[in-house]
Amino acid sequence: MLRKRTAAQDDNVQNPKVDKNKAPSTDEGAEGENKKGIWSTVTLVGKVLLLIIFVPPFLNYASLQREGLMLQPKGALSVDIGLGQKIHLMCKGHGQPVVMLDAPTGMSSDVWFHIQEDISHATKVCIYDRVGLGFSKRAIQNETTGMEKVWGLSTTGRMVDDLHRLIKSAEIATPLILVGSELGTLNGRFYSHIHDSEVSDLVLIDPIPEDLFEEDQWRQYWYTNLVPSLQVMQFSAATGLSRMLIILGLMEPAMKGEGVSEDMVQRQKYFLSNPAHQSSAVDEHFFLNESAAQVKEISKYKPLSSRTSVSVITGDSFDEELPAHLNQLVAMLQKKCLEQLYPSAKHILVHGADRRMIYKRPSAISKHLMKMIAQRQSKKQSQ
C-alpha cells in the first residue's frame, strides 16, 4: 500500500539544510586568492617605491657628511671673510707676484690643479672656491653692511666683494696676477677695474662677451637648454640618483686619467653628488646675464688702469657641445668686446684647444703664466 508523503518530507525536499562546513565553490575561492595576490603586489610595489624614494637620499646625505671631512685637500684653509662666511683657499709655492686663479662657471677650484702645480715652482699661486661651490659652504643669510648688500647672490659683484675680503683676510700680497676663465673672466675684469692698484696683470681665458645675453638666440639656448639640464643635475644629486649613476659607471667626473690623483677623482664625485654644490652651479649659470651686465656698467664708469696689463687666451677649436652658429656668435662678440675694451691686450691662441683647455691643455696656459711671472720678477729685481 502506498504511503502519502507528509508535509515535513515536502519541506525537506524543497528546502534542504545547508551544510555550514561545506567548502566554498571553486569560483569563490579563486576570486579570494586573486584579491590577496593583488594586494600583496601593491604592498610590495609600495615598499619598493618607498625604498627608492627615501633610502638613496638618506644614504647620499650620510656619505656627504663623511666625505666632506675626508676629501678636503691637505694644506687648504677655511678663511673667515666676515659676516659669518668662510671660503676655501688653497695656496702652494712661495714668492711674488702671487697668482690668483678664478674658476669657470659652476666649477670648483680643483679645475686649476695642473696649472697650480706647474707654476707653484716659480711663485705662490692660490685657488679658491666661490661661495656655495666646492668646500665654501654658503652661510645662512643675515643682515650685512657694505657692498655685499648691493649685489645679488651668485653674481659677479658679490663674488668680487667676497674675493676682495678673502685677499685681505688671508693677507695675500698685492699687486697680484689675476687669472680667470669664463665667469672668472667677468670677476677678474670687475675686480681689476675697481681695485686696480691690487692687480698688476689680468689674464682672461676664453672670456665671456658682456653683450652675449643681448642676443635672443643665445638667451633661448641658455635658459631653455643649458640651465634646465643643470637643474636636472641638481635634482639628481638631491635624490641620490647621481651617486647611484657614479657607482654604476654611468656618470663620470670631467677630470680623470693620467696625472689626476685618486683623491681628486673622489672629490669630483663628491661634488657631483652634492646638491648644495649643484644648486650654486645652477645659480651661477642662471644669473650669468646679470653678472655680464654688472661688468658692462663698471667698464663704462671705471676704465681699467693703464698700469694693468691684459692678456687673452683662447683656443682655435669650437665647443663641441654648442651648435655651430652659437660658437660663431660667441667668437664674433668676443673679438668685438676685446677690441673695444682692451685694444692693447696680448692675444695667445692655443691650437687644438677649446674652452676646457685649463684642464685638457693646461701646459699651454702654464707656459704663458711662467713667462709673465719671470718678467715681473725680473722687473722687481732691477728696481
Side-chain angles (χ1 to χ4, degrees), residues 57 102-108 111 130-134 138 151-159 180-187 189-190 204-246 250-254 268 271-297 314-315 317-337 354-360:
D102 201 344
T105 321
M107 300 191 75
S108 74
V111 74
R130 292 187 293 269
V131 172
L133 295 177
R138 192 183 299 281
W151 313 110
L153 292 174
S154 299
T155 66
T156 283
R158 187 66 175 266
M159 295 173 195
S181 175
E182 295 182 15
L183 174 58
T185 65
L186 294 178
N187 296 346
R189 289 178 56 198
F190 196 108
L204 309 175
I205 302 173
D206 196 33
I208 295 175
E210 56 193 32
D211 294 332
L212 185 59
F213 284 89
E214 296 178 10
E215 301 291 331
D216 291 339
Q217 54 185 328
W218 179 262
R219 285 200 309 272
Q220 183 178 6
Y221 161 76
W222 196 259
Y223 290 109
T224 61
N225 292 82
L226 183 62
V227 171
S229 70
L230 296 173
Q231 291 170 332
V232 170
M233 288 285 291
Q234 178 188 352
F235 177 79
S236 177
T239 57
L241 179 60
S242 293
R243 185 174 293 273
M244 295 176 64
L245 293 175
I246 290 170
L250 300 176
M251 181 182 289
E252 295 184 341
Q268 290 181 83
F271 297 143
L272 286 172
S273 304
N274 190 336
H277 172 88
Q278 295 297 329
S279 175
S280 293
V282 170
D283 289 344
E284 287 194 350
H285 284 83
F286 188 84
F287 294 112
L288 192 61
N289 63 332
E290 191 172 336
S291 292
Q294 291 172 356
V295 174
K296 186 174 183 177
E297 289 299 310
T314 58
S317 298
F318 283 157
D319 184 355
E320 294 180 355
E321 296 181 3
L322 270 181
H325 70 284
L326 292 180
N327 273 310
Q328 293 169 359
L329 175 65
V330 172
M332 180 191 70
L333 292 176
Q334 205 173 60
K335 181 180 179 181
K336 177 183 174 182
C337 175
D354 60 10
R355 67 182 183 88
R356 299 172 185 80
M357 70 180 87
I358 61 176
Y359 57 90
K360 288 192 172 182

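Note that the structure is a prediction, hence the values are computed from the model and not measured.
Residues meeting the side-chain hydrogen bond (donor to acceptor under 3.5 Å, both in side chains) test with Glu321, sequence neighbours left out: Arg356. Residues meeting the ring pair (Phe, Tyr, Trp, His ring centres under 6.0 Å) test with Phe235, sequence neighbours left out: none. Residues passing the ring pair (Phe, Tyr, Trp, His ring centres under 6.0 Å) test with Tyr221, sequence neighbours excluded: Trp218. For Arg130, the salt bridge (charged side-chain N to carboxylate O under 4.0 Å, His left out) test picks out Asp102, Glu284, with sequence neighbours left out.
A distance of 4.0 Å separates CD of Glu214 from NZ of Lys296, quoted to the nearest 0.5 Å. Atom CG of Leu230 and atom CZ of Phe286 lie 12.0 Å apart (nearest 0.5 Å). For the atom pair Glu252 CD and Leu245 CG, the distance stands at 11.5 Å (nearest 0.5 Å). Taken from CG in Asp283 to CG in Leu288, the straight-line distance is 12.0 Å, to the nearest 0.5 Å.
Sorted by first and then second residue, the side chain to side chain donor-acceptor pair (under 3.5 Å) pairs with a member in residues 224-233 form an empty list; sequence neighbours excluded. Annotation: salt bridge (charged side-chain N to carboxylate O under 4.0 Å, His left out) contacts involving residues 215-237, sequence neighbours excluded, comprise Asp216-Arg219.
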Exercise for the section: Show your working on side-chain contact (heavy atoms from CB on, under 4.5 Å) between Phe287 and Arg158 and close with a plain yes or no. Expected result: CA-CA 12 Å; Phe287 294 112; Arg158 187 66 175 266; over 6 Å; no

Problem - Test side-chain contact (heavy atoms from CB on, under 4.5 Å) applied to Leu272 and Met233, step by step - result: CA-CA 8 Å; Leu272 286 172; Met233 288 285 291; 3.9 Å; yes

Problem - Verdict with supporting geometry, Tyr223 and Phe213, side-chain contact (heavy atoms from CB on, under 4.5 Å) - result: CA-CA 10 Å; Tyr223 290 109; Phe213 284 89; 4.2 Å; yes

Problem - Steps toward side-chain contact (heavy atoms from CB on, under 4.5 Å) verdict (Asp206, Thr185) - result: CA-CA 8 Å; Asp206 196 33; Thr185 65; over 6 Å; no

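Between Ser280 and Val131, the shortest heavy-atom contact is OG-O, 4.3 Å. When all heavy atoms of Ser154 and Arg138 are compared, the closest pair comes out as OG-NH2, 3.4 Å.
Each of Ile208, Thr105, Ile205 was scored for a side chain to side chain contact (heavy atoms under 4.5 Å, CB included) with Ser181, with one residue passing: Ile205.
Counting only distance, with no hydrogens or angles, the side chain of Gln268 and the backbone of Pro253 share no donor-acceptor pair below 3.5 Å. No donor-acceptor pair closer than 3.5 Å links the side chain of Ser273 to the backbone N or O of Ser242. The closest donor-acceptor contact from the side chain of Gln217 to the backbone of Leu326 lies at 3.5 Å or more, if one exists at all. Checked by atom type and distance alone, the side chain of Asn327 pairs as donor or acceptor with a backbone atom of Leu322 at under 3.5 Å. For the pair Trp222 (side chain) and His285 (backbone), a donor-acceptor distance under 3.5 Å is present.
For Met251, the CE atom counts as densely surrounded, since its 6.0 Å shell holds more than 12 non-hydrogen atoms of other residues, nucleotides or ligands.
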